There are 2 protein chains.
Amino acid sequence: MGIQDRKERDKLEMRKRIIDAAMHMFTKEGYEHASIRKIADKIEYSPATIYLYYKDKDELLYDVQAECFSKLVDIFKREANAPHPFTRLEQICRSYVQFGKNHAEMYDLMFIMKSPMNNVHEHENWQNADDAFAYLAKTIAECMEQGLIKYDNLYLGALSVWAMGHGLVSLNIRCRMKVMDMTEEQTDDAINAAIEGYLSTIKK
Amino acid sequence: MGIQDRKERDKLEMRKRIIDAAMHMFTKEGYEHASIRKIADKIEYSPATIYLYYKDKDELLYDVQAECFSKLVDIFKREANAPHPFTRLEQICRSYVQFGKNHAEMYDLMFIMKSPMNNVHEHENWQNADDAFAYLAKTIAECMEQGLIKYDNLYLGALSVWAMGHGLVSLNIRCRMKVMDMTEEQTDDAINAAIEGYLSTIKK
DNA sequence: TTGAAAAATAAACACTGTTCAGTAAATTTG
DNA sequence: CAAATTTACTGAACAGTGTTTATTTTTCAA
């Protein structure tokens, strides 16, 4: 039946409209202003309609998060594609930190906010992040194969690099670096220096 | 005037009652359930009364945060007091990670949540964290003086160690480690291994 | 064209942080 | 001691939130 197909398409199209509106609201005006009512306003539907396409706000934010991750993977592919694995690892780290600086709201949704993770149930996988994490893991694996880094365990290496990057970015986004009396510029420099320093210590 | 003094004491006492109730609510039932109304209920006052002692919820949470930091500093003093600076640094890291595991709600308020930091205004210092950060910085400084670690810049060293610890703890608290298909036990082990691994790489 | 199925909504519910007019208690003054 | 004033407190409301449900509108097959 062609009608069934069209209805399927319509459903997906509506979900896309909702995601786009939410994403726009989210990045332009921040999470606080991305309420269901305002999203509904933006796409010119009633708030209740959104609940015909998403069971709750968390489920919707999970889809917005997926969109954010696809943007991050695009950036990785564009900015972190050196043939040499360790060079690529350096590029990944810089791109990651830069992404956190340029898109704090998205970074928040992807790595800090509680809400969208309610949608990833117990003993279930967080698929949104799979590709981005795989991109890092693959690079670390190549570094290990070629004996370029000190780690001998893939997951341990990937987790450590990620934790360092995330630690720096999230402390900054959530204003915790205020404990060190630095200017904004000095803070930025410190983050970059910390990443560079870390990379040089794990280099073999 | 003795009456003025008593009134001053009463005011502080009331603030303490509010903080304690908030802290209790916060740690026992989580942030979501720590509303002004429920805190007011707990101390048997009307919600409006809380606004006579705190200008808004952020200001109240900032005071609760201070309480959390004093607990962390206590733990540092108790669990991280080895005479040898590098041993002490290791103890600090372990205590920090353990604190994040045992008191996820407090950790959230201290290092992840946005809200209480609204109370630290532009170009102002985040005094709540001063002592805890100084404890780490002092240890790093001693490590540097004795040539025990690879860092040659105090702030860079402290930031790096903190970022690694915070990265691991916060990724875990906010469920982002689900991207690696590990059991809860394996995740815990990975965090510990990452910290130990990091400490061994910065050791000179 | 009619009747069933699907889609959309208005209105409500139960919350939230916050403000403000008005009440009750404590203290100062005449 | 009584009256006036200051201080402490609260009930009720405002403006917002996510979400549900009964009702209406639209779509589409028979």
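Fair warning: this is a prediction, and the values are worked out from it, not measured in the lab. Chain letters run A, B, ... following the sequence lines, proteins first and then strands; every chain starts at 1.
For residues 65-79 of chain A, the set of pairs meeting the side chain to side chain donor-acceptor pair (under 3.5 Å) definition, not counting sequence neighbours, comprises Q65(A)-W126(A), Q65(A)-N128(A), E79(A)-S95(A).
In this structure, K57(A) places its NZ atom 14 Å from C1' of dC15(C), rounding to the nearest Å. Rounded to a whole Å, the CG atom of D58(A) is 12 Å from the C1' atom of dT19(D). We find that CD1 of I36(B) is positioned 20 Å from P of dA12(D), with the value rounded to whole Å.
Side-chain contact annotation: Y45(A) with Y53(A), donor-acceptor N/O pair under 3.5 Å absent.
In this structure, the salt bridge (Lys or Arg N to Asp or Glu O under 4.0 Å) partners of R15(B), at least two apart in sequence or on a different chain, are D63(B). Applying the ring-ring contact (aromatic ring centres under 6.0 Å, His included) rule to Y198(B) yields no partners; only residues at least two apart in sequence or on another chain are considered. Annotation: side-chain hydrogen bond (donor to acceptor under 3.5 Å, both in side chains) contacts of E13(B) (sequence neighbours excluded): none. Residues passing the ring-ring contact (aromatic ring centres under 6.0 Å, His included) test with F76(A), sequence neighbours excluded: Y135(A). Under the salt bridge (Lys or Arg N to Asp or Glu O under 4.0 Å) criterion, E59(B) pairs with no residue at all, not counting sequence neighbours. Judged as a side-chain hydrogen bond (donor to acceptor under 3.5 Å, both in side chains), and not counting sequence neighbours, the contacts of Y155(B) are D181(A). With sequence neighbours left out, the side-chain hydrogen bond (donor to acceptor under 3.5 Å, both in side chains) criterion links R174(B) to D108(B). Residues satisfying the side-chain hydrogen bond (donor to acceptor under 3.5 Å, both in side chains) criterion with K16(B), sequence neighbours excluded, are D20(B).
The overall bend of the helix from dT1(C)-dA30(D) to dG30(C)-dC1(D), read as the angle between its terminal helix axes built from five base pairs each, is 30° when rounded to 10 degrees.
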Query raised in the report: Which letters describe nucleotides 5-14 of chain C, given B = protein heavy atom under 4.0 Å from base, S = only from sugar-phosphate, - = neither?
Result: -S-BBB-B--
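If you check residues 16-34 of chain B against DNA chain C, you find no residue with a heavy atom closer than 4.0 Å.
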